[in-house]
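Whatever order the structure lists ligands and atoms in, that order sets their numbers, starting from 1.
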Amino acid sequence: MPVHRLTPLLCLLSIWRILTTVSGHPHVGPCQLIQRTALCNNRKLSSVPEGLPENTEELQLNYNDILTLQNKSLLRYPSLTTLSLACNSLKKLESNTFQDSKWLVSLNLANNNLNSSYQESSLALKRLPALRFLDLSENGLEDDMVSTLLQNVTSIEYLNLSGNLLRRLDETSFRDLHHLKELDLQRNLMFEIDGAFDSNPNLRRLNLAFNYLPCLTDFHMTNLVVLNASHNFIEWFISRQDLNETFQLETLDLSDNKLIFFPFLPSQNKLRNLYLSHNTLRFYEHLSDNATLPNSSTTVEFYNLDKDLHNVTAQLWDDSLHGDISALEILDLRGNKVEYFPQGFIRKMPILSRLHMSTNCLETLNFTSENFSCSLYELDVSNNHLNLISADNHTLAALGNLTYFNLSRNNLKMIPSGLFSSLSNIRSVDLSYNNIGVCLKKTATFTNTLSDCVNWQNIVSLRQLHVMGCSLQTIPASAFAGLSLTHLELSNNPGVIMRDSLRSLSETLQYLGLGNTQIQNLDFSAFRNLKSLNLSKNSLSQIPRSLQSVDLKVLDLSDNNLSSIPLGQAHVLASKLQTVFLTGNPFNCCQAEWFRTFDATKTVTLVARSEIQCKDIFQTHRIKDSQRFSCQEASESMLWYILLLVPIFLSFGGMAIVAFLAFKPKLLKKSFKKKYLKPTSY
Ligand SMILES: *[C@@H]1O[C@H](CO)[C@@H](O)[C@H](O)[C@H]1NC(C)=O
Ligand SMILES: *[C@@H]1O[C@H](CO)[C@@H](O)[C@H](O)[C@H]1NC(C)=O
Ligand SMILES: *[C@@H]1O[C@H](CO)[C@@H](O)[C@H](O)[C@H]1NC(C)=O
Ligand SMILES: *[C@@H]1O[C@H](CO)[C@@H](O)[C@H](O)[C@H]1NC(C)=O
Ligand SMILES: *[C@@H]1O[C@H](CO)[C@@H](O)[C@H](O)[C@H]1NC(C)=O
Ligand SMILES: *[C@@H]1O[C@H](CO)[C@@H](O)[C@H](O)[C@H]1NC(C)=O
Ligand SMILES: *[C@@H]1O[C@H](CO)[C@@H](O)[C@H](O)[C@H]1NC(C)=O
Ligand SMILES: *[C@@H]1O[C@H](CO)[C@@H](O)[C@H](O)[C@H]1NC(C)=O
Ligand SMILES: *[C@@H]1O[C@H](CO)[C@@H](O)[C@H](O)[C@H]1NC(C)=O
Ligand SMILES: *[C@@H]1O[C@H](CO)[C@@H](O)[C@H](O)[C@H]1NC(C)=O
Ligand SMILES: *[C@@H]1O[C@H](CO)[C@@H](O)[C@H](O)[C@H]1NC(C)=O
Ligand SMILES: *[C@@H]1O[C@H](CO)[C@@H](O)[C@H](O)[C@H]1NC(C)=O
């Protein structure tokens, strides 16, 4: 794909490439030749090497110290089509550098200092009639420098200007780039683009991410296919509504902005992927025609201060402002403020396959009225305020493609009884952190009756079930009959009584989450396919023996009550496991051979190894610092020392007191003498 040719090599990548180049190819001076390619990366070169074959077509000189590309540098290589000079501190291209480079197609100048002598460099660039790929990223270029450099460079199709210092673009910025197809402007300082792309009718992909744009109004680039304007400060996206053309736009990324309204999309478009995550977007249908708010304005106008040709007026509460969303396949609205979908909104997307709604403010979800498309494959409404879900047989039966359904972290206490059993292709359900139980007895599966529990039996397509933190109390013995779960998450249901419910899953389960369930003695020997087991936060004082017969790869035993691991068990576990979590246990430093067993086994990773602690008779240590432990033998001799030292200290103390007392009278006497035994003068 041509896009890749724009990408400058990353430091690591090119070094890696040098290190791994096969030594079977001939070298000329510092360069390695592979057919007509000369690889001279990272050779501390200060100029273009001279002795390379004259028919060299590709020359890679990344990561060298070439400061100036001289008039004569490339004279020897008239067949060059690709030249890469990324990361060279290059300041200047002398104006005659490319006098004979009429075949040069791709020029990578990323990560240099072309802001220094850009006027002369611009003369050089004009001599490249065949140039199609130009990478000028990370060169400290400002607006006028870019205009100068690109003047009369008409042949460019792929241009990378990312990581420069552009602030403002206008119609002169890219005026001569009539063939431009792809433009990367990410990571600049742009706060305004004013008619900048009017001379680039062939532009297909435009990246404006990580800039300071406050809005995109009057969007009228009908030929653009991909627009990435993520990570800006955009409050409004408004496309020109009066155009009678179909916009070619397929992907629009407006995530991480400040949108307050759903973007005003073109009324005819081909938009398939719409990314709107992390904005403050919501719908305002309830405000339209609302008599209680007589004076609230219903339109917003944007005036273009230079030329009032492009005033934009938008009917704020108008339904049609969402534009054409009929081709949408992915709609990402994560992290917004959506409380409800406007009437008919979901129905306008007949081929929607992924809807990401997590972290919004939805309160109800009515499958009957929303009428989701039968192509819906993934529905994520986690972390909302859902307290009601309603559905009917008919609409659920139509959701035959729904495979991933995430309802976790809501306020659900009731759920339509047949919700999951009606979804013929459902593979993964996450109901974690809701107050929904597992049904004790067989209940009717009328979808329109609500139930506070789910009957999971015989949902044959289901593979992954998450019911973490659902305040589960009892799971009936036959709860999972007829299921082929590979993944069951029951963690954070402290005290849950599981009866024999897991037995029917013993053949299929690969992951089992039982963290913080206060489970004590479950027999795992039948779980032959179990690969990953979470037993954290369960006050376990020993590792279940039955685990030795399971072919586990990942075991989480953190935050339990383990003081040691019997050496035999440690050997068996270490030989099978790949990852083990053991932090937060009150291990005994003086019974830590198991640790050395795990440590010595190269195939197992102790997660947070240096944070596993143990205690000896004096204090807590990191279990890896075994030289600091005071264990029995050591402590015994320490005791002896103390016993020996105490009498010595005592006798020294006694002697000191005696000496003091013996000395004290003398002192008294002396002063006494001084004071009262003065020689008399009589
Ligand atoms: C443009 O250059 C930047 C940094 O040099 C790079 O990360 C990005 O992938 C390039 N863009 C394209 C479209 O290759
Ligand atoms: C490079 O060539 C240009 C055009 O002939 C000339 O003006 C300039 O002085 C030359 N530069 C050097 C360093 O010789
Ligand atoms: C060129 O850009 C760099 C930052 O990329 C900056 O430090 C330097 O001062 C700039 N030089 C000129 C002449 O603008
Ligand atoms: C660009 O091209 C036009 C027309 O070919 C010419 O008049 C103008 O001088 C050129 N500008 C530069 C800076 O080369
Ligand atoms: C938009 O650009 C950002 C930053 O480069 C990138 O992370 C994101 O994946 C892009 N979006 C799309 C849809 O490609
Ligand atoms: C838009 O195009 C349709 C047919 O393509 C035509 O009937 C209609 O008059 C056009 N409207 C305008 C405003 O040009
Ligand atoms: C008018 O606004 C109020 C308050 O936002 C809302 O409760 C009510 O449903 C709205 N009426 C209509 C007709 O949408
Ligand atoms: C609505 O606007 C009118 C005229 O501007 C004003 O007299 C009235 O007090 C306003 N009503 C409200 C509720 O703000
Ligand atoms: C745009 O708005 C300005 C200010 O209200 C007005 O003077 C101008 O006529 C408007 N232009 C158009 C084309 O509507
Ligand atoms: C769901 O929508 C249907 C159709 O609009 C309606 O009949 C039903 O009452 C709604 N259910 C709830 C609980 O609002
Ligand atoms: C799944 O979606 C496709 C379209 O993407 C549709 O043709 C098919 O009928 C759907 N399958 C079911 C079982 O609904
Ligand atoms: C819904 O479907 C279930 C079986 O899937 C059936 O037992 C029940 O009668 C249906 N309910 C309605 C209201 O059609």
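- When only interatomic distances are considered, the shortest N/O to N/O separation between Asp135 and ligand 1 does not fall below 3.5 Å.
- An N or O contact shorter than 3.5 Å links Ser162 to ligand 1 by distance.
- Residue-ligand proximity, Phe210 to ligand 5, at heavy-atom distances under 4.0 Å covers atoms 4 (C).
- Other residues, nucleotides and ligands contribute over 12 non-hydrogen atoms within 6.0 Å of the CZ atom of Arg347.
- No donor-acceptor pair under 3.5 Å is formed between the side chain of Asp176 and the backbone N or O of Thr154.
- Ion pairing of Lys270 with Glu250 is absent here, as no side-chain N (NZ or NE/NH1/NH2) approaches a carboxylate O to less than 4.0 Å.
- Side-chain atoms of Asn160 come within 3.5 Å of backbone atoms of Ser162 as a donor-acceptor pair (strictly under, hydrogens ignored).
- Atoms of ligand 1 lying under 4.0 Å from any heavy atom of Ser137, numbered from 1 in the order shown and given with element: 2 (O), 4 (C), 5 (O).
- Checking atom 11 (N) of ligand 5 against the protein gives a heavy-atom contact under 4.0 Å.
- Within 6.0 Å of the OH atom in Tyr212, the count of heavy atoms belonging to other residues, nucleotides or ligands does not exceed 12.
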Can you list the steps and then say if Asn41 with Gln60 is a side-chain hydrogen bond (donor to acceptor under 3.5 Å, both in side chains)? CA-CA 6 Å; Asn41 298 316; Gln60 292 205 15; 3.1 Å; yes

Verdict with reasoning, Arg240 to Asp218, per salt bridge (Lys or Arg N to Asp or Glu O under 4.0 Å): CA-CA 5 Å; Arg240 197 186 284 176; Asp218 192 37; 2.8 Å; yes

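- Backbone and side-chain nitrogen or oxygen atoms of Arg187 are examined, and none is located within less than 3.5 angstrom of a nitrogen or oxygen of ligand 5.
- The contact set between ligand 5 and Tyr275, taken as ligand atoms under 4.0 Å from a residue heavy atom, comprises 13 (C).
- For ligand 5, the polar-atom distance check against Thr251 finds no nitrogen or oxygen pair separated by under 3.5 Å.
- For atom 5 (O) of ligand 5, the nearest protein heavy atom (residue, atom name, distance) is Gln186 OE1, 2.9 Å.
- Partner of Asn410 under the side chain to side chain contact (heavy atoms under 4.5 Å, CB included) criterion, out of Asn384, Leu388, Leu431: Asn384 alone.
- Distances from atom 7 (O) of ligand 5 to the protein include no heavy-atom value under 4.0 Å.
- Taking distance alone, with nitrogen or oxygen atoms compared against 3.5 Å, Asn228 approaches ligand 5 more closely than that limit.
- Note that atom 2 (O) of ligand 10 has protein non-hydrogen atoms nearby, at separations under 4.0 angstrom.
- Between Phe283 and Phe345, the ring center distance clears the sub-6.0 Å criterion.
- The N/O atoms of Asn366, backbone and side chain alike, include one that comes under 3.5 Å of an N/O atom in ligand 10.
- Under a 4.0 Å criterion applied to the non-hydrogen atoms of Ser230, ligand 5 contributes the atoms 1 (C), 2 (O), 3 (C).
- Closest protein heavy atom to atom 13 (C) of ligand 10: Ser390 OG, 3.6 Å.
- Note that Arg127 lies outside the cation-pi zone of Phe98, set by a 6.0 Å cut-off to the ring centre and a 45° limit from the axis.
- Residue contact check: Asp184 has heavy atoms under 4.0 Å from atoms 1 (C), 8 (C), 10 (C), 11 (N), 12 (C), 13 (C) of ligand 1.
- Residue-to-ligand polar distances keep Glu182 apart from ligand 1: every N/O pair is separated by 3.5 Å or more.
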Test log, rule side-chain hydrogen bond (donor to acceptor under 3.5 Å, both in side chains), inputs Thr395 and Asp392: CA-CA 6 Å; Thr395 38; Asp392 65 273; 2.8 Å; yes

